[in-house]
Peer 1: 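One structure, as structure tokens, below. Some questions next.
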Amino acid sequence: QVQLVETGGGLVQPGGSLRLSCAASGSIARVNVMNWYRQAPGKERELVAGITRVGTTNYADSVKGRFTISRDGVKNTVYLEMNSLKPEDTAVYYCNFRQYYADYWGQGTQVTVSS
């Protein structure tokens with residue numbers, strides 16, 4: 001059935017940038033909200049950013065002004081542009097597609113910010 005696949009993670013120096021992508025591998029009904037979550041070692045999973053089907057966005061305070069979420073409805077793909085990266089941004093990043101009564105999760109992609 002439907003699977004989500006994240007790409008774009010990797011190692012970057014502090015102050016650098018990365019662009020994450022997440023796309024559905026199969027056909028999927030209308031997605032109401034697309035989200036990016038992250039989980040760092042020893043910490044709880046947290047919501048980083050979200051975007052609705054009409055383009056409304058929200059961000060965690062820790063990433064406002066640095067990260068930008070966007071979506072392509074035709075491709076059923078969500079992106080996360082990450083700029084001015086900090087070591088504390090290091091985590092596994094997960095995408096989440098949410099419908100009214102169900103949601104889907106990707107396997108995650110590692111982002112490491114280090115010199």
Peer 1: So, using ring-ring contact (aromatic ring centres under 6.0 Å, His included) as the criterion, who are the partners of Y37 when residues are at least two apart?
Peer 2: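 For Y37 the ring-ring contact (aromatic ring centres under 6.0 Å, His included) partners, ignoring immediate neighbours, are W105.
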
Peer 1: Only pairs at least two apart or in different chains count here, so list each side chain to side chain donor-acceptor pair (under 3.5 Å) that has a residue in residues 83-93.
Peer 2: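 Every pair satisfying side chain to side chain donor-acceptor pair (under 3.5 Å) with a residue in residues 83-93: S17-N83, R38-D89, R38-Y93, R66-D89.
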
Peer 1: Indicate if F97 and I69 have the same hydrophobic cluster label, given that clusters are the connected sets of ILVMFWY residues with side-chain heavy-atom separations under 4.5 angstrom.
Peer 2: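 Yes, F97 and I69 fall within the same hydrophobic cluster.
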
Peer 1: What are the two closest heavy atoms between V2 and A24, and how far apart are they?
Peer 2: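 Minimum heavy-atom separation between V2 and A24: CG1-CB, 4.2 Å.
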
Peer 1: Nearest 0.5 Å, please: how far is CG in N35 from SG in C95?
Peer 2: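 That separation rounds to 9.5 Å.
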
Peer 1: Heavy-atom distance under 4.5 Å between the side chains of V33 and D103, does that happen here?
Peer 2: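 They are not in side-chain contact.
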
Peer 1: Between V31 and Y94, is there shared hydrophobic-cluster membership here, with clusters defined by ILVMFWY side-chain heavy atoms closer than 4.5 Å?
Peer 2: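 Each belongs to a different hydrophobic cluster.
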
Peer 1: Same cluster or not: are V92 and L11 linked, directly or through other Ile, Leu, Val, Met, Phe, Trp or Tyr residues, by side-chain heavy atoms under 4.5 angstrom apart?
Peer 2: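 Cluster IDs for V92 and L11 differ.
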
Peer 1: Could you see if Y79 belongs to whatever hydrophobic cluster contains W36? Use Ile, Leu, Val, Met, Phe, Trp, Tyr and a side-chain cutoff under 4.5 Å.
Peer 2: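 Not linked; separate clusters.
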
Peer 1: Does M82 reach the side chain of L20, with side-chain heavy atoms less than 4.5 Å apart?
Peer 2: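 The answer is yes, as the side chains (C-beta and beyond) meet within the 4.5 Å cut-off.
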
Peer 1: Side chain of E6, backbone of G108: donor and acceptor closer than 3.5 Å?
Peer 2: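 The answer is yes, because a donor-acceptor pair under 3.5 Å joins these two groups.
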
Peer 1: Using 0.5 Å steps for rounding, measure from the SG atom of C22 to the OH atom of Y104.
Peer 2: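 Separation between the atoms: 13.0 Å.
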
Peer 1: Taking the side chain as everything from C-beta on, heavy atoms only, tell me whether Y59 gets closer than 4.5 Å to T68.
Peer 2: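 The answer is yes, as the side chains (C-beta and beyond) meet within the 4.5 Å cut-off.
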
Peer 1: Using a 4.5 Å cut-off on heavy atoms from C-beta on, say whether the side chain of L18 contacts that of F67.
Peer 2: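 No, their side chains stay 4.5 Å or more apart.
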
Peer 1: Identify each donor-acceptor pair in which a side-chain atom of residues 71-78 lies under 3.5 Å from a protein atom, sequence neighbours left out, and give them as a table.
Peer 2:
{"unit_1": "R71", "atom_1": "NH1", "unit_2": "T52", "atom_2": "O", "d": "3.3"}
{"unit_1": "D72", "atom_1": "OD1", "unit_2": "V74", "atom_2": "N", "d": "3.0"}
{"unit_1": "D72", "atom_1": "OD1", "unit_2": "K75", "atom_2": "N", "d": "3.1"}
{"unit_1": "T77", "atom_1": "OG1", "unit_2": "K75", "atom_2": "O", "d": "3.1"}

Peer 1: What do you reckon, is CD of Q39 surrounded by more than 12 foreign heavy atoms closer than 6.0 Å?
Peer 2: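 It does: Q39 CD has more than 12 such atoms within range.
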
Peer 1: Should we say atom CD of Q107 is surrounded by more than 12 heavy atoms from elsewhere, each under 6.0 Å from it?
Peer 2: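 Incorrect, the count does not exceed 12.
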
Peer 1: Apply side-chain contact (heavy atoms from CB on, under 4.5 Å) to the pair I51 and M34, showing each step before the final yes or no.
Peer 2: CA-CA 5 Å; I51 184 168; M34 296 179 175; 4.0 Å; yes

